[in-house]
Amino acid sequence: MTPISTTADLAAFCNQLKGQPFVAVDTEFMRETTYWPKLCLIQAAAPGGIEACIDPLADGLDLSPFLDILRDESILKVFHAARQDVEIFNNLGAMPRPLFDTQIAGMAAGFGEQIAYDALVRQMLKIELDKSSRFTDWSRRPLSDNQLTYALADVTHLARLFPILRGSLEKAGRLAWVEEEMEALVDPDLYDVNPDNAWKRLRPRKHAAKYMAVFKAVAAWRERTAQTRDQPRGRILKDDAIDELASQAPTDAAAMDRLRGVPKGFSGSKFGPDLMAAIREALKDPEAYAPVVEREKPSHNPAAGAVVELLKVLLKARAEDAGVASKLIATVSDLEKIANDDKADVGALTGWRKDAFGADALKLKRGELALVLDGTRVRVVEVRRAPKQAAAE
């Protein structure tokens, strides 16, 4: 098997993809030692046996014909566990819209949470995938026939199972259930690499202006440095060190060297002066530099913790009843907000999620539902109130 390695061959392949209802896509990449993922191979397959591996590392290959396919909104792009693939193509200026993620769809179809591709193929197509090339270094050339066959199988089977999975969801009336999740995957904000927004991916432990100003400045400095040097963030500075730097706000080498979370001798390294300069700049006017962080309102309900635990049990029961992964219905954060507020702004209290779980969650809080252990299964039963009690209320 020979991967596509010339722009002419790629253009010819992409001409076959034009007009197709969908194309299954996967990538092989490396990023263990880099900030930016290194795209090593692209696999694509469409109905009618149209399939190929594309070698983005080939000298002179222009990916534009394939990127145009990803931008073509008349063609549905099918991935499994799409997020990292989408990140790569977004970096290349080709957000793949519209998109269908079979892992998310599998959650709505009763295959459990975050089902792996090989497990989905096994359950839906009764095919056992060969994993012998699973740990290939995809940046090395040449790739063997076995490696290319293994890689191509990631899309050929995907192209077969997608229509079946989508048809199952349509029949069950659940296709709309996953559309919101698919839209979230192609939201550019999800892949934002603006250094000034890097602090948002972390968890600040304080909210004082001075702390948040330094926290933001250090996070931005690390992000810029990682991008410029093309190194993982953690190799530049660990997350814990950002919190410690924000707490202590060192402005000279001696103060920085006293911090336990900062590598020994960091202040005297090539990074130290730039980092201290970023901290000093933030401290010139912390009130203006610090980002505004919305704090969650403290709970005034002493039983909120117990309510959350009951909601977890209810969620599991309702998810099992519906044959849907509980993660698709609600998160623990959603449950905490519902425990404290009947009108919480969470997805679990709107649309199909409210029908599947949210309405019952509010009934449970009001004492209108009970959870009963029936053998090894939890049943949800309505609580019958005595006439006098109902009238009194």
Side-chain angles (χ1 to χ4, degrees), residues 3 5 25-44 53-59 61 63 66-67 70 79-96 101 103 114-119 129-155 158 185 188 190-195 197-203 218-243 261-266 269-271 274-275:
S5 58
V25 183
D26 189 36
T27 67
E28 307 297 342
F29 58 90
M30 309 288 286
R31 74 178 313 168
E32 287 81 1
T33 61
T34 62
Y35 176 92
W36 305 104
K38 181 180 181 180
L39 180 59
C40 301
L41 197 69
I42 302 171
Q43 307 94 277
C53 290
I54 303 164
D55 184 1
L57 300 182
D59 287 341
L61 178 66
L63 286 176
F66 187 74
L67 299 180
L70 296 179
F79 294 83
H80 183 84
R83 179 162 176 167
Q84 293 192 82
D85 300 309
V86 174
E87 177 188 355
I88 289 171
F89 291 125
N90 180 60
N91 289 343
L92 293 173
M95 181 66 80
D101 189 326
Q103 186 177 70
Q114 297 181 324
I115 185 170
Y117 176 68
D118 58 342
L129 293 179
D130 178 12
K131 298 182 181 179
S132 59
S133 298
R134 188 174 186 180
F135 299 108
T136 291
D137 179 349
W138 296 103
S139 66
R140 292 188 177 183
R141 295 294 183 270
L143 295 171
S144 69
D145 282 348
N146 285 341
Q147 290 170 329
L148 291 169
T149 299
Y150 166 86
L152 193 58
D154 283 347
V155 289
L158 190 60
L185 274 173
L190 187 63
Y191 309 99
D192 179 22
V193 292
N194 183 342
N197 295 327
W199 68 273
K200 296 179 182 179
R201 286 191 296 271
L202 305 171
R203 291 187 176 182
V218 176
W221 170 86
R222 183 181 72 166
E223 197 77 8
R224 277 193 302 272
T225 305
Q227 291 176 3
T228 302
R229 298 180 63 84
D230 195 18
Q231 291 182 335
R233 298 180 186 97
R235 289 199 179 184
I236 304 297
L237 200 64
K238 301 294 184 185
D239 289 356
D240 289 347
I242 295 179
D243 171 70
V262 177
K264 188 175 181 180
F266 192 85
S269 71
K270 56 196 168 201
F271 297 135
D274 283 347
L275 176 55

Colleague: Side-chain contact, heavy-atom cut-off 4.5 Å: Val193 with Trp36?
Modeller: yes
Colleague: I'd like to check Leu57 versus Arg141 (side-chain heavy atoms, cut-off strictly below 4.5 Å). Are they in contact?
Modeller: yes
Colleague: Looking at Asp59, I want to see if its CG is surrounded by more than 12 non-hydrogen atoms of other residues, nucleotides or ligands under 6.0 Å.
Modeller: no
Colleague: Give me the atom names and distance for the closest heavy-atom approach of Leu152 to Ala44.
Modeller: CD1-O, 4.4 Å
Colleague: Can you tell whether the side chains of Glu87 and Arg31 come within less than 4.0 Å, N to carboxylate O?
Modeller: yes
Colleague: Under the side-chain contact (heavy atoms from CB on, under 4.5 Å) criterion, do Arg235 and Thr33 qualify, and how do the steps go?
Modeller: CA-CA 9 Å; Arg235 289 199 179 184; Thr33 61; 3.6 Å; yes
Colleague: Hey, are the side chains of Gln43 and Val25 touching, using non-hydrogen atoms and a 4.5 Å cut-off?
Modeller: no
Colleague: Quick one: CE on Met95 to CG on Leu190, what's the gap to the nearest 0.5 Å?
Modeller: 8.0 Å
Colleague: Compare every heavy atom of Ala219 with every heavy atom of Ala198, then report the nearest pair and how far apart it is.
Modeller: CB-O, 3.7 Å
Colleague: Quick one: closest heavy-atom pair of Pro56 and Leu39, and the distance?
Modeller: CG-O, 3.5 Å
Colleague: Please assess Asp239 against Arg201 for the test salt bridge (charged side-chain N to carboxylate O under 4.0 Å, His left out), listing each intermediate value before the final yes or no.
Modeller: CA-CA 10 Å; Asp239 289 356; Arg201 286 191 296 271; over 6 Å; no
Colleague: Mind checking the CG-OH spacing from Leu129 to Tyr117? Nearest 0.5 Å is all I need.
Modeller: 6.0 Å
Colleague: Please examine the side chains of Trp138 and Lys38, heavy atoms only from C-beta on, and report whether any two atoms are closer than 4.5 Å.
Modeller: no
Colleague: Are any non-hydrogen side-chain atoms of Pro263 and Leu237 less than 4.5 angstrom apart?
Modeller: yes
Colleague: Taking only Lys NZ, Arg NE, NH1 and NH2, and the carboxylate oxygens of Asp or Glu, determine whether Lys238 and Asp243 approach each other closer than 4.0 Å.
Modeller: no
Colleague: Taking side-chain hydrogen bond (donor to acceptor under 3.5 Å, both in side chains) as the definition, give me every residue that meets it alongside Asp118, ordered by chain and number, with sequence neighbours left out.
Modeller: Lys131
Colleague: To the nearest 0.5 Å, tell me how far Leu41 CG sits from Asp154 CG.
Modeller: 10.0 Å
Colleague: Can you find a pair of side-chain heavy atoms, one from Ile242 and one from Leu202, that are under 4.5 Å apart?
Modeller: yes
Colleague: In terms of ring plane angle, is the pair Phe66 and Phe89 parallel, tilted or perpendicular, where the classes change at 30° and 60°?
Modeller: tilted
Colleague: Using only heavy-atom distances, determine whether the side chains of Tyr35 and Glu223 contain a donor-acceptor pair under 3.5 Å.
Modeller: yes
Colleague: Roughly how far, to the nearest 0.5 Å, is the CZ atom of Arg229 from the CD1 atom of Ile236?
Modeller: 6.0 Å
Colleague: Side-chain contact test, heavy atoms from C-beta onward, threshold under 4.5 Å: evaluate it for Cys40 versus Met30 and give yes or no.
Modeller: yes
Colleague: Assess whether salt bridge (charged side-chain N to carboxylate O under 4.0 Å, His left out) is satisfied between Asp192 and Lys200, documenting all intermediate values.
Modeller: CA-CA 10 Å; Asp192 179 22; Lys200 296 179 182 179; 5.9 Å; no
Colleague: Quick one: are Phe79 and Gln103 in side-chain contact, heavy atoms under 4.5 Å?
Modeller: no
Colleague: Does the side chain of Asp85 pick up a donor-acceptor pair with the side chain of Thr27 at under 3.5 Å?
Modeller: yes
Colleague: For the SG atom of Cys53 and the CG atom of Asp26, what is their distance to the nearest 0.5 Å?
Modeller: 9.5 Å
Colleague: Can you tell me how far the CG atom of Leu63 sits from the CD1 atom of Ile54, to the nearest 0.5 Å?
Modeller: 7.0 Å
Colleague: Please name the pair of heavy atoms, one in Ala82 and one in Asp101, separated by the smallest distance, quoted to 0.1 Å.
Modeller: N-OD2, 2.8 Å
Colleague: Without hydrogens or angle criteria, can the side chains of Ser144 and Asn146 be said to hold a donor-acceptor pair below 3.5 Å?
Modeller: no
Colleague: If you apply the rule side-chain contact (heavy atoms from CB on, under 4.5 Å), what do you find for Thr136 with Tyr150, and how did you get there?
Modeller: CA-CA 10 Å; Thr136 291; Tyr150 166 86; 5.8 Å; no
Colleague: If you apply the rule side-chain contact (heavy atoms from CB on, under 4.5 Å), what do you find for Arg83 with Leu185, and how did you get there?
Modeller: CA-CA 7 Å; Arg83 179 162 176 167; Leu185 274 173; 4.1 Å; yes
